[in-house]
> 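So that we are looking at the same thing, I have put the structure below in structure tokens.
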There are 2 protein chains.
Amino acid sequence: MTDSPLRPVRLDLSGERLLATYDVHGSTERTTSVLDQLVVEQTIEFPADLVPDDDIKRHIIGTVEQLDRLDNDRSRAVVSYAVELAGGQLPQLFNVLFGNISLVPGVRLVDVQLPATLLEAFPGPRHGVPGLRQRFLPDGGPLLATALKPMGTPVDDLAAMAYDLAAGGINLVKDDHSFGNQPFSTFRDRVPAIADAVRRANDDRSEPSSIYLPALNLRAEDLDAGVELAVEAGVGGLLLLPGLISHDRMRAITDSLPEDLVVMTHPSFLGQLVTDPTAGFAHGLLLGTFARLCGADVTVFPNHGGRFSFTPETCTEVASACLAELGDLATCWPAPGGGMSLERVGEMLRFYGEDVCLLIGGELYRGDILTRTRQMVETIQEVRT
Amino acid sequence: MTDSPLRPVRLDLSGERLLATYDVHGSTERTTSVLDQLVVEQTIEFPADLVPDDDIKRHIIGTVEQLDRLDNDRSRAVVSYAVELAGGQLPQLFNVLFGNISLVPGVRLVDVQLPATLLEAFPGPRHGVPGLRQRFLPDGGPLLATALKPMGTPVDDLAAMAYDLAAGGINLVKDDHSFGNQPFSTFRDRVPAIADAVRRANDDRSEPSSIYLPALNLRAEDLDAGVELAVEAGVGGLLLLPGLISHDRMRAITDSLPEDLVVMTHPSFLGQLVTDPTAGFAHGLLLGTFARLCGADVTVFPNHGGRFSFTPETCTEVASACLAELGDLATCWPAPGGGMSLERVGEMLRFYGEDVCLLIGGELYRGDILTRTRQMVETIQEVRT
């Protein structure tokens with residue numbers, strides 16, 4: 001061993017490990033070389049030959065627990081890390097799972113298993129599937145959502161649309177994710193006006209079946225004030241964008257919200273983390289599991305057959321991750337969006353089952369909004385019976 | 001036109017546009033189809049046939065200003081957007097540039113031109129190349145940086161290492177980016193102890209030539225308190241991780257720091273945004289331009305020929321983006337890291353010139369740290385003369 005200035009270190013560790021499963025693309029030789037790098041890169045990022053025979057070498061460096069060759073160009077490796085490496089915090093957990101290795105092509109994180117002691121740091125969805133079903137859908141059926149659009153529309157017009165969408169029976173009326181604080185519709189003007197419109201629609205129907213979720217698409221230093229303004233305005237939830245504000249900020253905001261607010265998340269700016277099948281993250285892990293860790297009650301993703309590239313398989317993967325067991329965390333509504341039409345209702349309910357949030361867009365604007373919304377709700381009722 | 005419920009909208013816009021250059025991969029037919037989608041997807045995300053002939057259709061939807069076929073599989077498109085779409089805020093700027101289109105494979109953002117009115121929202125680096133050169137390098141030469149490692153090392157040992165590294169002449173002594181708030185080295189214990197060690201080294205040399213930059217790798221709700229603790233402890237700067245805390249949080253933290261603190265940024269968890277050459281962002285844009293928008297004085301990236309996949313071309317691209325004109329924003333030090341050795345000093349200075357921050361790692365631990373550090377500093381002096 002090279003002469004090292006490091007003293008051997010003794011550490012008081014629990015012995016608990018978290019498990020990360022990576023698909024490594026390339027020859028078996030490359031796989032070996034990448035994994036040799038990965039277990040060091042994600043942990044000590046230091047020449048292993050300079051580490052004495054101590055607890056850092058034995059327990060801090062990652063361990064390849066299992067390695068299988070999946071096909072000619074791909075191996076699957078399960079790597080374990082001491083749970084202490086994450087320090088109970090999401091950013092450092094992400095760092096251990098994929099920080100530096102994100103810079104090495106051909107490595108995709110496909111699964112994560114967290115021990116209970118680490119999962120405890122994540123309360124998860126406060127409502128999830130059971131909570132929102134009880135609140136909005138006593139008679140069963142899918143949850144219905146839509147986005148207020150298009151950007152540039154004045155606040156009064158948005159509020160009028162929101163009234164009609166709520167009156168027609170849409171449960172979650174959210175801002176388009178591009179609504180930030182633009183001069184033509186500032187957050188301060190928009191949020192109270194639309195919250196009020198949705199409240200009036202509920203009052204007029206004598207049914208509290210709709211809520212408004214503004215997009216919290218603001219500067220980092222304005223997010224907390226934005227939450228406060230939204231809560232005071234009486235919104236029913238928030239649309240959070242982890243690709244823009246970070247997953248951990250989403251988790252922190254969710255943890256701080258009044259209990260009755262619903263959290264919806266949108267994949268803007270996250271696409272490049274999933275679209276390359278040889279890198280980034282498995283769709284279900286990022287848009288399902290991680291969304292739940294951050295408290296999403298509803299997670300939006302592009303439906304197959306729409307404007308994006310998601311396949312039926314990736315959509316199933318996301319929906320499964322939303323509904324799978326994950327410690328004590330509640331399940332989360334998968335919300336496939338994009339190109340949803342009256343004609344696709346039956347197909348989508350067969351594909352996803354009833355634990356789905358149908359995110360309906362432009363279709364509701366092809367004619368009078370209230371009429372079109374009622375048609376959509378009726379079609380769903382007919383398909384179900 | 002389909003019967004639309006939207007009223008025609010008149011908007012009071014400045015006429016200023018921001019320009020985004022995308023490389024679109026695939027046939028010319030696919031390029032046309034992707035661009036038709038992109039100009040709508042990034043803006044109104046709404047069926048264009050339902051928008052009346054109004055200011056939303058004319059000015060909010062993006063415009064393809066130029067389109068060139070680069071090779072058999074790639075076109076380059078310059079798209080303009082009304083500057084108002086960003087609302088003067090980085091998250092929504094990112095959203096307009098790449099939000100939903102990130103979900104479409106084969107689209108890479110390669111350049112961005114922001115009008116002066118939008119650039120004003122970004123003070124940029126407070127020191128940059130000129131500031132740190134004046135402060136640390138009155139006689140010229142590259143800036144020197146290193147990371148304290150490995151994770152798991154007790155605080156006292158880290159402080160002793162930091163003393164030697166500072167005493168040997170390293171300008172920027174930073175935490176390894178994986179140092180968060182782990183039980184074996186909490187932020188609260190670590191930061192004051194190392195800040196004190198570096199201060200003593202400066203005092204003992206009667207030369208304030210070294211600063212300590214702790215990694216601000218904490219939970220979202222703990223970041224502000226972490227900054228406060230670090231400032232009180234007398235650190236000389238911070239290591240910020242936009243891949244984990246978001247670019248906009250990095251910008252907000254930088255804007256709030258005392259003027260003398262130096263900001264260094266690290267690409268952890270950002271790799272998957274650049275490594276696929278057909279998607280994500282050009283290396284220079286993400287690691288150079290965006291780092292400067294967020295106030296980085298020094299930006300770390302993997303050097304070519306090291307443990308990662310960066311080529312000489314990508315490294316040149318990052319360094320060029322660090323030093324290119326960008327409104328009134330200061331330039332930023334490119335800090336190539338990974339596998340830096342005594343033998344590579346000459347090659348690296350020839351490659352990058354003197355406006356480079358050499359990030360030296362394990363090499364300084366091959367023997368007594370103070371001795372090895374002095375050897376490195378001497379080698380650099382010799383190579384320069």
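Order of the sequence lines sets the chain letters (A, B, ...), proteins ahead of strands, with each chain counted from 1.
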> With only heavy atoms counted, which part of A:Asn95 is less than 4.5 Å from chain B, the side chain, the backbone, both or neither?
both
> Give, as side chain, backbone, both or neither, the part of A:Glu363 having an atom under 4.5 angstrom from any heavy atom of chain B.
neither
> Checking heavy atoms, do the side chain of A:Gln37, its backbone, both or neither come under 4.5 Å from chain B?
side chain
> What part of A:Arg372 lies closer than 4.5 angstrom to a heavy atom of chain B: side chain, backbone, both or neither?
neither
> Under 4.5 Å heavy-atom distance to chain B, tell me which part of A:Thr278 shows up: side chain, backbone, both or neither.
neither
> Please determine if A:Asp156 and A:Arg190 form a salt bridge, counting it only when a charged side-chain N lies under 4.0 Å from a carboxylate O.
no
> Are A:Asp54 and A:Lys57 ion-paired here, with the side-chain N under 4.0 Å from a carboxylate O?
no
> Looking at A:Arg251 and A:Asp255, is any side-chain nitrogen of the basic one under 4.0 Å from a carboxylate oxygen of the acidic one?
yes
> Side chain, backbone, both or neither: which part of A:Asp12 has a heavy atom under 4.5 Å from chain B?
neither
> Quick check on A:Met250 against chain B: is it the side chain, the backbone, both or neither that has a heavy atom closer than 4.5 Å?
neither
> May I ask you to decide whether B:Asp49 forms a salt bridge with A:Arg366, counting only side-chain N to carboxylate O separations under 4.0 Å?
yes
> Less than 4.0 Å between a side-chain N and a carboxylate O, is that true for A:Arg7 and B:Asp157?
yes
> Which atoms of A:Ile60 are under 4.5 Å from chain B, going by heavy atoms: the side chain, the backbone, both sets, or neither?
side chain
